[in-house]
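Nothing here was measured: the structure is a model prediction, and the numbers come from that model. Below, chain A is the first sequence line, B the second, and so on; all start at residue 1.
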Amino acid sequence: MANLEQLLEQHFGYSTFRPGQKEVIEAIIEKRDVVALLPTGMGKSLCYQLPGYVFNRPVLIISPLLSLMQDQVEQLKRFGEKRVIALNSFLQMSEKRNVLQHLGQYRFIFTSPEMLKNSQVQAAFRQAQFALVVVDEAHCISQWGFDFRPDYLKITDWMDAVNRPPILALSATATEAVVKDIKAYLHMSQPFEYIHSVDRVNLHYDVVQLEKPIEKAPWILAHVLKTHGPGIVYTQSRKKTAIYTERLLSNGIRAAAYHAGMEAEDRQFIQQQFLAGQLEWICATNAFGMGVHKDNVRQIIHDHIPSTVANYMQEVGRAGRDGQDALSILLYVQKDEDMTKFIITEDIPQERHVEQYLEYTGREENPAVMLDMHQISETGFRVLSYWMQRLAPQEVQQKLVDIRLSKVSQVDEMKTMVTAQKCIREQLLHYFGQSLNEKPNQCCHYCGIEYGVILKEREHLETLGYMPSWGERLSVLLPNI
DNA sequence: CGTATTTGCGGTAGCGCAAATACGGTGCTCTACT
């Protein structure tokens, strides 16, 4: 077997491994299942890219986003790899057929969990004998599988019959409960686990309690005007991304909105501008962030309570990847959590949906009638179908109740972290089943922090000379909200 | 569930208020229609 350091140098031009990479790669080469939790920006993808050059069978990577697949394909191509393809809905029928017929000629194949449903894909994959299957951003199994993208729970369904390839689950942030879900749904037994510390000493966590929701926008504007970015404002609705953006723009701050209702092209453009430093602030929903590799983000502002501590961790974790100080601020008004709870439970199917589903199946009608009659959302219907196909109706009722309770209690955990009057860093680590080694000087709201120590003050001339054109301001307000 | 916007009401019209209504996140794929 080739020396790993040689392969690293030869294919990627690095001379040494980062922490964790070598252990993970060795376990993969020994054909073990692996769960690897590595910090973002610490070369997670190398953990499957390098083994791709050790094996002579293809590596399959399951990725949550089309844009992420695209990025990774491009990255590999930049390293000179040509035998790489993204198998997704961007391909024409004929291209797809062609790729499936010649799977063996690729070294890296990227695809989505939904693609695995396709029977042609399944047939081709059974033939392919992958050397390794990678589940990238594996926390999605737990975060999205139960109530949003059930195909995340079915990844191993098509594999068990055949000679199941080893699986590598990759993530930056997963709690013990999430790791448990990952292992269960990927049918892993005795995987090798590499888990890094989630503590980020250069991140400083502030909480700002306000009296009324209406105070949030002026607070954010005033704060942005006296500090500096780059930064991300996370908000709860698409509409608010536009409102905040307009406020910042009209005060001379280069900002843009970002949410899932925008055209893919616009989203990509805005992300690129942010990466290139042409935008200082992004006002976004939780659609923004996955796959955004910008190392000098200095601030994250939440205008609301995120739906889970894990989401909070991921979102604040997008700051300070360069190791320099970064500030995270969460604005809180009493009862903010009610809105969060409403949003995350709204789509979960209700008791009556289970009854309706049965009714339509009983009459030998397709239960999808429910969709036509607008009695359930598309997401809700897919989730309901998943559980109805696997559990008895009574169990489905119970499952839906459990999902609801679990979602609500996760919001409560987040609220507790914000309001418990205890060190936020310690609470975060505790949530991930870890403990604190050393508390940094500037720690969190409850230990005491000063913005002036963490951030430099804004130099007024630097940005106030900039005024956006009407076109730019309109384009913020008008995109299909 | 809470907030922001629209509608409804009184009553020589216009406008101020209260009540009613609308709205709220994350992504894949396929298919039929424009």
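- A straight line from CG of A/L210 to C1' of B/dT3 spans 16 Å, rounded to a whole angstrom.
- For residues 167-186 of chain A, the set of pairs meeting the ring-ring contact (aromatic ring centres under 6.0 Å, His included) definition, not counting sequence neighbours, comprises A/F146-A/Y185.
- A/R57 pairs by the salt bridge (Lys or Arg N to Asp or Glu O under 4.0 Å) definition with nothing, not counting sequence neighbours.
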**Q.** Strand DNA chain B as a dot-bracket string - pairs counted if Watson-Crick or G-U with both distances under 3.5 Å, | where the partner lies in another strand
**A.** ((((((((((....))))))))))..........
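- The interatomic distance linking A/E337 (CD) with B/dG2 (C1') rounds to 12 Å, in whole Å.
- Residues meeting the ring-ring contact (aromatic ring centres under 6.0 Å, His included) test with A/Y431, sequence neighbours left out: none.
- A salt bridge (Lys or Arg N to Asp or Glu O under 4.0 Å) check over residues 89-102 of chain A, counting only residues at least two apart or in different chains, returns nothing.
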Q. Tell me, for nucleotides 25-33 of chain B in 5' to 3' order, what letter each nucleotide earns: B for a base near a protein heavy atom under 4.0 Å, S for only sugar-phosphate near one, - for neither?
A. BBBBSS---
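- Comparing the C1' positions of B/dC9 and B/dG14 gives a spacing of 13 Å, expressed to the nearest Å.
- Scored by the side-chain hydrogen bond (donor to acceptor under 3.5 Å, both in side chains) test, A/R321 finds no partners at all (sequence neighbours excluded).
- Rounded to an integer number of Å, the gap from A/K216 NZ to B/dG2 C1' is 11 Å.
- Atom pair A/M339:CE and B/dA4:P shows a separation of 10 Å (rounding to whole Å applied).
- Evaluation of the salt bridge (Lys or Arg N to Asp or Glu O under 4.0 Å) test over residues 290-304 of chain A, restricted to residues two or more places apart or in two chains, returns A/R298-A/D322.
- Using C1' as the reference atom, B/dG11 and B/dG16 are 14 Å apart when rounded to the nearest Å.
- Under the ring-ring contact (aromatic ring centres under 6.0 Å, His included) criterion, no residue pair touches residues 341-372 of chain A, with sequence neighbours excluded.
- Separating the CG atom of A/D336 from the C1' atom of B/dC1 is a distance of 12 Å, rounded to the nearest angstrom.
- In terms of heavy atoms, A/Y234 sits closest to A/G289 at OH-CA, 4.1 Å.
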